**Q** 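Here's a structure for you.
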Amino acid sequence: MKKTIMAIGLCAGIAAGNSAPQKIGTDGKHQNPFLTEYQTPFQVPPFEEIKLEDYKPAFEAGMEQQKQEIDAIVNNSEAPDFENTIAALDQSGKLLDKVSSVFYGQNSANTNDGLQELSKELAPALSKHRDDIMLNPDLFARVKAVYDKYRQEVKLDKEQAKLLNINKEQAKLLEETYKDFVRGGANLPDDKKEQLRQLNSDISLLQITFGQNMLKETNDFKLVIDNEKDLSGLPENLKSVAAEEAKKAGQEGKWIFTLHNPSVMPFLQFADNRELREKIFNGYLNRGNQNNEFDNKDVVKQLITKRLEKAKLMGYEDYASFVLEERMAKNSANVYQLLDEVWTPTLSKAKEEEADLQAIMLKEGVEDTLKGWDWRYYSEKVMKEKYNVDENEIRPYLKLENVRNGLFYVVNKLYGLTFNEIKDIPKPHEEALAFECKDPDGAHRGILYMDFFPRESKRGGAWCGTYRSQTYKDGKKVTPVVTIVCNFTKPAAGQPALLSIDEATTMFHEFGHALHNLFKDVHYDGVSGVPRDFVELPSQIMEHWVLEPEVLKVYAKHYQTGEDMPQELLDKILSSSKFGQGFATAEYVQASMLDMDYHILKTIPKDLDILKFEEQSMNKRNALSQIPPRYRSTYFNHTMGGGYTAGYYSYMWSEVLDADAFEAFKETGDIFSPEMAKKFRDYVLTPGSIDDASVMYRNFRGKDPTIDPLLENRGLK
């Protein structure tokens, strides 16, 4: 029953129960939207009707409903078999899924104090609910009985699963369900089960606390500028947005810059004032490290301690071993082998870049060593000097709507899908856009929301989620409701949104995740997911089309004149596409190593100093002081918030796959090869985890991947 509730990583329930709809009247009239069928187009959540007070009763009803469904399985007088035990378990908890998908989606993209408090309040109850299922001895006995019969009859030969009258997908669900119970503690003695319950509850709450602290720290920092001279070097659009930010804060006539990436990163890239670059750089690096109520250092220490305790309770020497057992990498040695193989050429490349930046810095009369707050600024200057490329020259050709249309063009050429905007439909936020996705024959495939710009109610970064996953109900396919959430540079009033190459790449990336959700076609939720280090393959392969000349000609048009990007500029972009990969790869690999270093610990010193541990992690790799890890410990939400725990390396692992996979397209002589697109759809995007990830890749490629295309793409070979 591998089902993840967003943000807390719980295996909660999975599919509809038979309880009659209930009405809850907070005002005598309001009906809780979760407790009845959605009366909306395509049955999307009625976001505007949902009130804060609807969530808790719906969660409670969902947990109670699933409890009754579990009781029915346990008390079934018939001998356990696939349908009355495994399938019934997989099909339990639909109401809990229904409310969870909306609650955690909104808590990430449009949160408020009420949602954040409720998430903390719910965490222990949801953790207990999951453990009540996974540690139910009578339920596990039935699961084990079916599993043992399967093992005995087919002797691990899945092709003979017909002896139990189950198909390949059902056989995989059975195996995964049994494994989930074992990994969930079902074989532990009673006293250790109670210990596991407490650890799961503690970890869940700590992860939520970490994320909330990070959001508050990000929102609290404001760099206020009241002298226009201090804006020297900054693009006009960035200054306009900063002026609007100040006006909104009641400081009209000033400029406010924040720690949200569309504000802080271009400031570091273009601001001539070195002292102000240093100030905002240090503000960014010290989120969660201010020794205030939102400080995350102790949260990190508690988290890695609790995770290690859980791993040892489950019989593993460290938490990474417990986690990686379920991933393609299998163990930490394989992870470090990949990271080390990339790190050696990366460090060499980063040192070359450092020398270039130091040279131009001295050339401009700054007699000081290069610092972290100088890197992006002088990198921009070197980029202009070496390639005559100016990001501000590129942005006018990357109007958001045009980039999106270019993305739709790529997806249509590859898979025949079309996306038509829908106006009259509930949306998760007023800024979100809604699209209906249709197959080549015009059949409905799903709904896609796109929410592009930062706000204080939205966490940082970019992600793809679902408000309803693809499933089957009564033998009929239920289509997904997918959402893409980003934090792109917000346009000034009356101006269009003009993206950077990185932002355009992010849009393509998240759309790859959306395609994975839209194409998935499985009958059981327990086989709907894929390993964390495989899940980035569908997203990262989409990035390869961003700078393809044919694609650029489709979307790279000047927002004012409509003229195509000049061939000269296009050539400069392509020639400079590998520039800065020493920096970009170094900060990523350093974060991946830091994540792993925490989770291979076999003991946690009582006097563990988080900042010193991080420093030692970087020093033993001879990392450059000017390149901090992409995420420092106190704002490393990927690992400390859950989701990518002992798994941030996954992007690089998947990049080996996506770089090799795109080679398959190029080898045909057609980057839109219908044959390759069909194979990628059939073997990677559609089957969930019915096959093992390595088998899925070999089915598509015909062989195992090599690392060479990755090193080539990053200019590290």
Side-chain angles (χ1 to χ4, degrees), residues 42 397-423 425 432-452 462 464 466 470 477 479-484 486 488 497 499 501 503-521 537-557 559 562 564-565 570 658 661-687 700:
F42 306 103
Y397 292 94
L398 300 184
K399 183 180 175 182
L400 185 149
E401 290 79 6
N402 291 346
V403 175
R404 189 184 68 215
N405 290 339
L407 173 56
F408 289 165
Y409 168 85
V410 170
V411 173
N412 181 260
K413 284 208 71 171
L414 287 170
Y415 306 113
L417 298 182
T418 57
F419 292 84
N420 301 306
E421 187 174 357
I422 312 171
K423 299 285 189 180
I425 191 172
L433 303 174
F435 298 85
E436 181 186 7
C437 174
K438 291 184 178 181
D439 282 326
D441 63 0
H444 174 78
R445 175 155 289 275
I447 295 296
L448 174 69
Y449 292 114
M450 303 180 88
D451 181 2
F452 289 122
C464 176
T466 57
Q470 176 273 326
K477 186 176 181 180
T479 58
V481 177
V482 185
T483 181
I484 289 173
C486 302
F488 294 156
L499 305 185
I501 292 288
E503 288 172 328
T505 302
T506 296
M507 188 191 296
F508 274 66
H509 175 106
E510 297 306 334
F511 208 89
H513 284 307
L515 289 175
H516 201 181
N517 281 297
L518 289 164
F519 276 133
K520 183 180 64 178
D521 190 1
L537 167 58
S539 56
Q540 291 178 179
I541 194 172
M542 286 297 298
E543 298 179 23
H544 291 270
W545 278 273
V546 176
L547 294 181
E548 284 293 324
E550 177 181 344
V551 180
L552 279 168
K553 287 183 181 299
V554 170
Y555 73 79
K557 299 179 182 298
Y559 79 100
D564 291 344
M565 178 182 285
L570 194 155
D658 76 67
F662 193 65
E663 281 297 305
F665 281 88
K666 293 201 296 187
E667 286 166 7
T668 69
D670 179 9
I671 61 169
F672 294 103
S673 165
E675 178 189 359
M676 280 298 145
K678 184 178 187 306
K679 288 177 70 174
F680 194 79
R681 171 178 173 169
D682 291 347
Y683 293 127
V684 175
L685 299 177
T686 299
F700 161 71

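Just so it is clear, the structure is predicted and the values come from calculations on it, not from any experiment.
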**Q** After noting the C-alpha distance and the side-chain angles of Val481 and Tyr449, does the key distance pass the side chain to side chain contact (heavy atoms under 4.5 Å, CB included) rule?
**A** CA-CA 8 Å; Val481 177; Tyr449 292 114; 3.6 Å; yes
**Q** Less than 3.5 Å apart, which donor and acceptor atoms pair up between the side chains of residues 512-521 and the rest of the protein, not counting sequence neighbours?
**A**
{"unit_1": "His513", "atom_1": "NE2", "unit_2": "Glu536", "atom_2": "OE1", "d": "3.0"}
{"unit_1": "His513", "atom_1": "NE2", "unit_2": "Ser539", "atom_2": "OG", "d": "3.2"}
{"unit_1": "Asn517", "atom_1": "ND2", "unit_2": "His513", "atom_2": "O", "d": "3.2"}
{"unit_1": "Asp521", "atom_1": "OD1", "unit_2": "Tyr472", "atom_2": "OH", "d": "2.8"}

**Q** Do Asp564 and Leu570 come within less than 4.5 Å of each other through their side chains, counting heavy atoms only?
**A**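 No - every pair of side-chain heavy atoms lies 4.5 Å or more apart.
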**Q** Going from CG on Asn402 to OH on Tyr397, what distance comes out if it is rounded to the nearest 0.5 angstrom?
**A**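 Interatomic distance, Asn402 CG to Tyr397 OH, rounded to 0.5 Å: 12.0 Å.
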**Q** To the nearest 0.5 Å, how far apart are CZ in Phe408 and CG in Asn420?
**A**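 That separation rounds to 8.5 Å.
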**Q** Holding to side-chain contact (heavy atoms from CB on, under 4.5 Å), I want the full list of residues that pass it with Asp670, two or more places apart in sequence or in another chain.
**A**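 Expected list: Thr668, Phe672, Ser673, Pro674.
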**Q** To the closest 0.5 Å, what do you measure between CZ (Phe508) and OG1 (Thr505)?
**A**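 These two atoms lie 8.0 Å from each other.
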**Q** Answer yes if the ring centres of Phe665 and Trp545 are under 6.0 angstrom apart, and no otherwise.
**A**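 Ring centroids of Phe665 and Trp545 are less than 6.0 Å from each other.
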**Q** Using 30° and 60° as the class boundaries, would you call the ring planes of Phe511 and Phe419 parallel, tilted or perpendicular?
**A**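 Rings of Phe511 and Phe419: perpendicular, as their planes differ by over 60°.
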**Q** Report yes if some heavy atom in the side chain of Glu436 is under 4.5 Å from a heavy atom in the side chain of His444; otherwise report no.
**A**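 Glu436 vs His444: side chains touch.
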**Q** Using a 3.5 Å distance criterion without hydrogens, assess whether the side chain of Tyr559 forms a donor-acceptor pair with backbone atoms of Leu400.
**A**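 Judged by distance alone, no pair lies under 3.5 Å.
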**Q** Of the non-hydrogen atoms in Gly406 and Val554, which two are nearest, and what is the gap between them?
**A**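 Result for this residue pair: CA-CG1, 4.1 Å.
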**Q** I'd like to check Met565 versus Lys557 (side-chain heavy atoms, cut-off strictly below 4.5 Å). Are they in contact?
**A**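 Met565 vs Lys557: side chains apart.
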**Q** Taking atom NZ of Lys678 as the centre, does the number of heavy atoms from other residues, nucleotides or ligands within less than 6.0 Å exceed 12?
**A**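 Atom NZ in Lys678 is not packed in, count stays at 12 or less.
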**Q** If you compare all heavy atoms of Phe700 against all heavy atoms of Ala664, which two are closest, and at what distance to 0.1 Å?
**A**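 Result for this residue pair: CZ-CB, 4.0 Å.
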**Q** Where do Arg445 and Thr479 come nearest, in terms of heavy atoms and distance?
**A**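 Looks like O-CB, 3.4 Å.
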**Q** Provide the closest heavy-atom pair for Ala677 versus Leu414 in the form atom of the first, atom of the second, distance.
**A**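 What the structure gives for the nearest pair is CB-O, 3.2 Å.
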**Q** Can you check whether Leu417's main-chain N or O pairs, donor with acceptor, with Asn412's side chain at less than 3.5 Å?
**A**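 Present.
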**Q** Do Leu448 and Cys437 touch side chain to side chain, with heavy atoms closer than 4.5 Å?
**A**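 They are not in side-chain contact.
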**Q** So, for Asp658 and Ile541, which heavy atoms are closest and what is the spacing to 0.1 Å?
**A**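 Minimum heavy-atom separation between Asp658 and Ile541: CB-N, 3.6 Å.
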**Q** From Met450 CE over to Glu510 CD, what is the distance, rounded to the nearest 0.5 angstrom?
**A**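 These two atoms lie 10.0 Å from each other.
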**Q** So which pairs with a foot in residues 545-556 pass salt bridge (Lys or Arg N to Asp or Glu O under 4.0 Å), sequence neighbours left out?
**A**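 Every salt bridge (Lys or Arg N to Asp or Glu O under 4.0 Å) pair that includes a residue of residues 545-556, provided the two are not neighbours, is Lys413-Glu550.
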**Q** Do Met542 and Val411 have side-chain heavy atoms sitting under 4.5 Å apart?
**A**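 Yes, close enough: below the 4.5 Å cut-off.
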**Q** Walk me through it: do Leu499 and Phe488 pass the test side chain to side chain contact (heavy atoms under 4.5 Å, CB included)?
**A** CA-CA 7 Å; Leu499 305 185; Phe488 294 156; 4.0 Å; yes
**Q** Does any part of the side chain of Tyr555, heavy atoms only, come nearer than 4.5 Å to the side chain of Leu407, both counted from C-beta?
**A**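 Contact flag for Leu407/Tyr555 side chains = no.
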**Q** Specify the closest pair of heavy atoms between Arg404 and Met507, including all atoms of both residues, with the distance to one decimal.
**A**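 In terms of heavy atoms, the two residues are closest at CA-SD, 3.7 Å.
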**Q** Let me confirm one number: the CD1-OG1 distance from Ile447 to Thr483, rounded to the nearest 0.5 Å.
**A**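 Answer for the CD1-OG1 pair, Ile447 versus Thr483, is 12.0 Å.
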**Q** Give a yes or no answer on whether the side chain of Asn405 reaches the backbone of Glu401 with a donor-acceptor pair at less than 3.5 Å.
**A**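 Yes, the answer is positive, given that a donor and an acceptor are paired below the 3.5 Å cut-off.
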**Q** Measure the shortest side-chain to side-chain distance between Tyr415 and Asp439 over non-hydrogen atoms and say whether it is less than 4.5 angstrom.
**A**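 Contact flag for Tyr415/Asp439 side chains = no.
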